[in-house]
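Please read all numbers here as calculations on a predicted model, not as lab measurements. Throughout, residue positions are numbered sequentially from 1 according to the sequence presented.
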Amino acid sequence: MSDTIIENAKSHLRNIQVTVVSQGAEAIIFQTTQHPYLPSSISTSSESLKFIIKYRPPKTYRHRTLDQQLTKHRTISEARILQKLTNIAEVNAPSLIAIDSRNGILWMEHIGYELANKDISSLKNWLWQFNHDESKALTNEVQDTLRAVGRQIGELHKNDLVHGDLTSSNIILSENSKAFLIDFGLSSQSTLNEDKAVDLYVLERAILSTHPLYSYEYNKWLLEGYSSVFSGKQETKLKEILRRYEDVRLRGRKRSMLG
């Protein structure tokens with residue numbers, strides 16, 4: 001990880017103590033105990049008080065003006081999605097606390113906890129604990145958790161929102177196994193069933209690549225949870241999404257065969 005990028009981020013977060021949590025292709029994730037508005041003497045008074053800061057660093061390979069425009073647009077777009085989700089009680093997502101769109105910064109509620117191995121409680125890391133132990137990998141707890149995740153995705157799609165990067169790393173579990181969707185940087189409003197089908201396919205492939213031994217069962221339980229939130233008139237919509245999902249899967253298999 002580039003020290004220059006981290007120092008650049010800290011230059012926009014003056015007097016804020018941060019710890020690097022992770023780095024992706026588009027952003028660096030920091031953790032802090034300081035609130036963006038409250039005095040540090042108040043916000044750091046509780047060790048349990050934590051916040052997440054998402055920072056999109058400048059991309060030196062892009063023209064500076066274009067890069068600034070893209071960073072601002074994507075930061076504002078993600079903030080808008082998070083704001084919309086605050087009005088959808090059925091979807092669990094981190095609350096937006098502050099935004100600095102010019103510098104590509106989002107300040108959000110901290111969710112999740114540390115697993116026994118000190119990893120963050122993403123769905124991927126949580127399931128990895130059971131990868132080599134079938135007696136734990138296929139328990140009722142795992143089934144219930146995956147169905148709960150599926151319900152979250154279903155509620156998102158019911159409200160015509162598409163995640164855009166739906167992997168098991170972008171789903172966080174709380175200590176009571178409540179599922180949260182995170183990282184809405186590629187999310188959008190969409191009424192297209194094709195977009196929702198692609199969301200499901202991306203998650204299926206992510207599960208297959210990270211948990212191949214149990215991917216059939218895991219994806220089955222995810223779809224069961226997903227389908228359970230569609231009822232009444234929504235069942236027609238579900239059938240169309242699942243039909244498109246099968247089409248997307250078929251196209252994916254053909255691409256794999258052709259290389």
Is it true that, when you exclude [X] itself, more than 12 heavy atoms of the residues, nucleotides or ligands shown sit nearer than 6.0 Å to its [atom1]?
X    : atom1 : result
E90  : CD    : yes
K59  : NZ    : yes
H12  : NE2   : yes
E134 : CD    : no

Taking V229 as the starting point, is it possible to reach L123 by hopping between hydrophobic residues whose side chains are less than 4.5 Å apart?
yes

Under a 4.5 Å cut-off applied to non-hydrogen side-chain atoms, are [X] and [Y] in contact?
X    : Y    : answer
L106 : I53  : no
Q23  : I29  : no
T86  : L96  : no
Q68  : H73  : no
R102 : K72  : no
D165 : N170 : yes
N92  : I111 : no
K136 : Q129 : no

Sort and list the pairs that fulfil side chain to side chain donor-acceptor pair (under 3.5 Å) and have at least one residue in residues 208-217, not counting sequence neighbours.
N131-H211

So which heavy atom on L156 is nearest to which on V162, and how close?
CD2-C, 4.4 Å

Might you point out which heavy atoms bring S177 and E141 nearest each other, and give the distance in Å?
OG-OE2, 4.3 Å

Strictly below 4.0 Å, N to O, side chains only: are [X] and [Y] in salt-bridge contact?
X    : Y    : result
K239 : E235 : no
E26  : K54  : no
D247 : R243 : yes

For Y226, the option from R151, R147, H157 that meets side chain to side chain donor-acceptor pair (under 3.5 Å)
H157

Who pairs with N87 by side-chain hydrogen bond (donor to acceptor under 3.5 Å, both in side chains), at least two apart in sequence or on another chain?
none

Who are the side-chain hydrogen bond (donor to acceptor under 3.5 Å, both in side chains) partners of D160, not counting sequence neighbours?
K196, K237

Donor-acceptor contact below 3.5 Å, side chain [X] vs main chain [Y]:
X    : Y    : answer
N176 : K178 : yes
D195 : T191 : no
T33  : L49  : no

Indicate the ring-plane relationship of F184 and H163, choosing parallel, tilted or perpendicular according to the 30° and 60° boundaries.
tilted

Within 45 degrees of the ring normal and closer than 6.0 Å to the centroid, is that where the cationic atom of R249 sits relative to Y245?
yes

Side chain to side chain contact (heavy atoms under 4.5 Å, CB included) between W221 and T145, intermediate numbers included
CA-CA 9 Å; W221 295 331; T145 298; over 6 Å; no

When N219, L222, L223 are each screened for side-chain contact (heavy atoms from CB on, under 4.5 Å) with L146, the one that passes is L222

